Engineer: 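Below you will find the structure I want to go over with you.
These values consider heavy atoms only, across backbone and side chains, with no hydrogens, waters or symmetry-generated copies. Chain naming here is simple, since letters A, B, ... match the order of the sequence lines and numbering starts at 1 in each. It should be emphasised that the depicted structure is a prediction, and the values quoted were computed from it without experimental measurement.
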There are 2 protein chains.
Amino acid sequence: MLPEEEIPKHSAEACQNSISAVKDALYVLNGKWKLPVIAALMDGAMRFNELQHALEGITPKVLSKELRELELNELVTRQVFATVPVTVSYELTDYSKSLNSVLTSLRLWGYQHREHIIASRRMKIKHAG
Amino acid sequence: MLPEEEIPKHSAEACQNSISAVKDALYVLNGKWKLPVIAALMDGAMRFNELQHALEGITPKVLSKELRELELNELVTRQVFATVPVTVSYELTDYSKSLNSVLTSLRLWGYQHREHIIASRRMKIKHAG
DNA sequence: CTGCATCCCTTAGGATACTG
DNA sequence: CAGTATCCTAAGGGATGCAG
């Protein structure tokens, strides 16, 4: 990780800078599927169908769109193999691999509080019904 | 942090569990503003207008909605003081305070890669134009 | 297998103005 | 100060079917 570039936090703007950094990150990672896709690819390259199966619940259209956006932002690379039928492999870049610590803590949080989250889901359903 | 409850990662389902945990977390944190709001409140309670100013760009209607959702999911508490005019204070719960490590890494990532992210913004504009 | 095309509905979220 | 009300557009996202 090298010289550890830190966020300056000395003035009253520290809070503001922090928020901006979060907003910036979210600009690229926003949406229901971006982080799950990256999480899935953390363990290595995957093909389109593998991804669709691993993500459970995403439709091909949406997955396709997510992958295009991620590729555009250089968070994943796309590689086509001229087999019959064609296979396409998606892989993380160094850029997105650096999201590892984010995903690790997010994953842990989601796991530790899954009961609480499930309660939220129920509440929403009750609220809607 | 106590006995460090870890995510089991031994079988082929490890990857699946990881993805589910990320999806679960995102279920509650989804959207453009949830995490920025929590980030803003990390340094202590804030009033509605303080929040709106700190977040830069959020409208009262959207902020109000985000706060209601966060309160419903027990990520923030809302406290009304019967002053004239009335003041309302929002504060994190222990539950959302445990997102600190998530926000720390996300913030750092956003800060370190801000140039890359800005490039994405430009690309999107060019793509749209 | 890997998508794209089309249709359609829901939700997110911004602008503006107004109220207790 | 702390929101609501109203209006509106863009984006999200599911279903189904087709194509290289």
Engineer: OP1, OP2 of dA2(D) versus side-chain N and O of Thr87(B): anything below 4.0 Å?
Structural biologist: no
Engineer: From the options dC1(C), dG3(C), dT6(C), select the nucleotide whose nearest atom is closest to the side chain of Asn49(A).
Structural biologist: dC1(C)
Engineer: Quick one: which of dG14(D), dG3(C), dG13(C) gets closest to the side chain of Glu66(B)?
Structural biologist: dG13(C)
Engineer: Find the distance Leu26(A):CG to dA12(C):P and express it as a whole number of Å.
Structural biologist: 15 Å
Engineer: Pick the nucleotide of DNA chain D nearest each of Lys32(A) and Pro60(A); which residue has the one closer to the 5' end?
Structural biologist: Lys32(A)
Engineer: Going hydrophobic residue to hydrophobic residue with side-chain gaps under 4.5 angstrom, can you get from Leu67(A) over to Val80(A)?
Structural biologist: yes
Engineer: State which of dA2(D), dG12(D), dG14(D) makes the closest approach to the side chain of Glu69(A).
Structural biologist: dG12(D)
Engineer: Using a heavy-atom cut-off of under 4.0 Å over every strand shown, decide if Phe81(A) touches base, sugar-phosphate, or nothing.
Structural biologist: nothing
Engineer: To the nearest angstrom, how far is Leu63(B) atom CG from dA15(C) atom P?
Structural biologist: 14 Å
Engineer: Any side-chain N or O of Tyr90(B) below 4.0 angstrom from OP1/OP2 of dC1(D)?
Structural biologist: no
Engineer: Do Val86(B) and Phe48(B) sit in the same hydrophobic cluster, where Ile, Leu, Val, Met, Phe, Trp and Tyr count as joined when their side-chain heavy atoms come under 4.5 Å apart?
Structural biologist: yes
Engineer: Nearest to the Arg78(A) side chain among dA15(C), dT2(C), dT6(C), which nucleotide is it?
Structural biologist: dT2(C)
Engineer: Reckon Lys65(B) has a side-chain N or O less than 4.0 Å from the OP1 or OP2 of dA12(C)?
Structural biologist: yes
Engineer: Can you tell me the distance, in whole Å, between the NE2 atom of His53(A) and the C1' atom of dC1(C)?
Structural biologist: 16 Å
Engineer: Let's see if you can work this out: which of dT4(D), dC1(D), dG14(D) has an atom nearest to the side-chain heavy atoms of Ser64(B)?
Structural biologist: dT4(D)
Engineer: Pick from Arg107(B), Arg121(B), Arg114(B): which one makes a salt bridge (charged side-chain N to carboxylate O under 4.0 Å, His left out) with Asp24(A)?
Structural biologist: Arg121(B)
Engineer: Does the plane of the ring in Trp109(A) sit parallel, tilted or perpendicular to the ring in Tyr95(B)? Use 30° and 60° as the thresholds.
Structural biologist: parallel
Engineer: Under 4.0 Å between a side-chain N/O of Arg68(A) and OP1 or OP2 of dC4(C), yes or no?
Structural biologist: yes
Engineer: Mind calculating the distance between CG (Leu67(B)) and P (dA2(D)) to the nearest angstrom?
Structural biologist: 11 Å
Engineer: State the CZ-CG distance between Arg78(A) and Leu72(A), to the nearest 0.5 angstrom.
Structural biologist: 13.0 Å
Engineer: Would you say Thr59(B) reaches dA15(C)'s phosphate, i.e. side-chain N/O to OP1/OP2 under 4.0 Å?
Structural biologist: no
Engineer: Heavy atoms only, 4.0 Å cut-off, all strands: where does Glu50(B) land among base, sugar-phosphate and nothing?
Structural biologist: nothing
Engineer: Which nucleotide in the set dG3(C), dG20(D), dG14(D) lies at the smallest distance from any side-chain heavy atom of Val88(A)?
Structural biologist: dG3(C)
Engineer: Pick the nucleotide of DNA chain C nearest each of Arg47(A) and Gly57(B); which residue has the one closer to the 5' end?
Structural biologist: Arg47(A)
